[in-house]
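Take a look at the structure below.
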Amino acid sequence: MLIYTLAGGDDEPEGPPKAAIVDQLSLTFPNEDFSSEATGLLEAAGYEVEYIPGEQVTVDFYRTLPQRDYDFVLLRSHAGRYESNGVQTEDAPLFTSEFYSQTRHLDDQRANRLTISLYEDERLNDDNAYFSIPAEFVQ
């Protein structure tokens, strides 16, 4: 009797499932207890966990998120509704930690796949304008 085992086929995942904790809030509201507890819970459930700190949460990070093959993504991020033509939208874009620039991500800006979000906090000594991603960015 011969038994063949196909390892590493397209339908079979290699290793444990992968989870990401995307912690954009770590820059303004760090919470080590949260990240430690969330990591512990995910690891106990069998996930290999990657922690992404706020400094790494950029437009390009979100753009490449689907290629990272995570099975579970936990987002801890600022989000907020905004006004368009004087009317408050239902959309609540996710903040990135990337400062807004008129000269970066031009195609996405022209196509309204990026928005500008303002974060007001006296602890920050910057212009407080950040790129944020609305639903159109991921659609």
Side-chain angles (χ1 to χ4, degrees):
M1 169 187 257
L2 292 172
I3 300 175
Y4 292 97
T5 303
L6 299 175
D10 288 340
D11 296 331
E12 295 183 31
E14 292 184 25
K18 292 172 38 179
I21 299 173
V22 180
D23 196 1
Q24 186 270 333
L25 283 178
S26 69
L27 295 175
T28 52
F29 293 99
N31 188 334
E32 290 182 26
D33 291 338
F34 168 80
S35 58
S36 294
E37 188 169 332
T39 297
L41 290 169
L42 288 165
E43 287 176 344
Y47 286 92
E48 179 182 302
V49 179
E50 182 177 359
Y51 176 81
I52 293 95
E55 302 85 31
Q56 296 177 22
V57 183
T58 63
V59 171
D60 286 332
F61 169 80
Y62 279 120
R63 185 183 325 281
T64 62
L65 191 56
Q67 289 89 32
R68 296 169 186 253
D69 292 327
Y70 293 116
D71 299 288
F72 182 88
V73 177
L74 188 147
L75 298 172
R76 184 171 177 260
S77 175
H78 287 290
R81 293 171 63 188
Y82 64 97
E83 286 188 13
S84 177
N85 299 322
V87 178
Q88 192 168 45
T89 66
E90 294 297 318
D91 198 12
L94 296 175
F95 277 59
T96 70
S97 297
E98 184 175 343
F99 293 120
Y100 173 74
S101 168
Q102 293 180 339
T103 61
R104 288 196 314 266
H105 310 295
L106 294 179
D107 290 340
D108 287 321
Q109 288 192 63
R110 288 183 187 119
N112 294 319
R113 288 188 301 263
L114 289 176
T115 56
I116 303 167
S117 290
L118 301 175
Y119 183 75
E120 297 179 18
D121 188 328
E122 65 278 353
R123 295 174 293 171
L124 301 176
N125 56 0
D126 54 47
D127 62 8
N128 300 330
Y130 296 86
F131 282 111
S132 54
I133 60 164
E136 291 80 9
F137 185 84
V138 294
Q139 290 172 342

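Residue numbers run from 1 in the order of the sequence given.
To the nearest 0.5 Å, atom OH of residue Y70 and atom CD of residue E48 are 9.5 Å apart. Here the CG atom belonging to L65 is positioned 9.5 Å from the CZ atom belonging to F137, to the nearest 0.5 angstrom. Note that the CG atom of D60 and the CG atom of D108 stand 9.0 Å from one another [nearest 0.5 Å]. Interatomic distance, T39 OG1 to E37 CD, rounded to the nearest 0.5 Å: 10.0 Å. Put simply, CG on L25 and CG on L75 are 10.5 Å apart, with the number rounded to the nearest 0.5 Å. With values rounded to the nearest 0.5 angstrom, D71 atom CG is found 6.0 Å from Y47 atom OH.
A pairwise comparison of heavy atoms in D91 and A135 identifies OD2-N, 3.5 Å as the closest pair. The minimum heavy-atom distance linking V57 with F95 is given by the pair CG1-O, 4.4 Å. Contact detail for S77 and Y62: the closest heavy-atom pair is OG-OH, 4.2 Å. Counting all heavy atoms, side chain and backbone alike, R63 lies closest to H105 at NH2-ND1, 3.5 Å. Heavy-atom minimum distance, A92 versus A79: O-CB, 4.0 Å. What you find for S26 and R76 is that their closest heavy atoms are N-NH1, 3.9 Å.
The hydrophobic clustering, which links ILVMFWY residues whose side-chain heavy atoms are closer than 4.5 Å, places I21 and F29 apart. When the side chains of ILVMFWY residues are joined at heavy-atom separations under 4.5 Å, either directly or via intervening members, V138 and V59 end up in a single hydrophobic cluster. A continuous path of Ile, Leu, Val, Met, Phe, Trp and Tyr side chains, each step under 4.5 Å between heavy atoms, connects I116 with I133, placing both in one hydrophobic cluster. Hydrophobic clustering (ILVMFWY, side-chain heavy atoms < 4.5 Å, transitive): F72 and Y51 are in one cluster.
Although no hydrogens or angles enter the test, the distance criterion places a donor-acceptor pair under 3.5 Å between the side chain of Q109 and the main chain of S101. D23 places no side-chain N or O within 3.5 Å of a backbone atom of G54 that could act as its donor or acceptor partner. The backbone N or O of E50 sits nowhere less than 3.5 Å from a side-chain atom of K18 that would complete a donor-acceptor pair.
Remark: Q67 CD is packed, more than 12 non-hydrogen atoms of other residues, nucleotides or ligands lying under 6.0 Å away.
Cation-pi geometry between R104 and F131 is not met: the NZ or CZ atom fails to fall both under 6.0 Å from the ring centre and inside 45° of the normal.
Of the N and O atoms on the side chains of T28 and H78, at least one donor lies less than 3.5 Å from an acceptor on the other residue.
S36 is linked by a side-chain hydrogen bond (donor to acceptor under 3.5 Å, both in side chains) to nothing, counting only residues two or more places apart in sequence or in another chain.
In this structure the side chain of L94 never reaches within 4.5 angstrom of the side chain of Q24, judged on heavy atoms.
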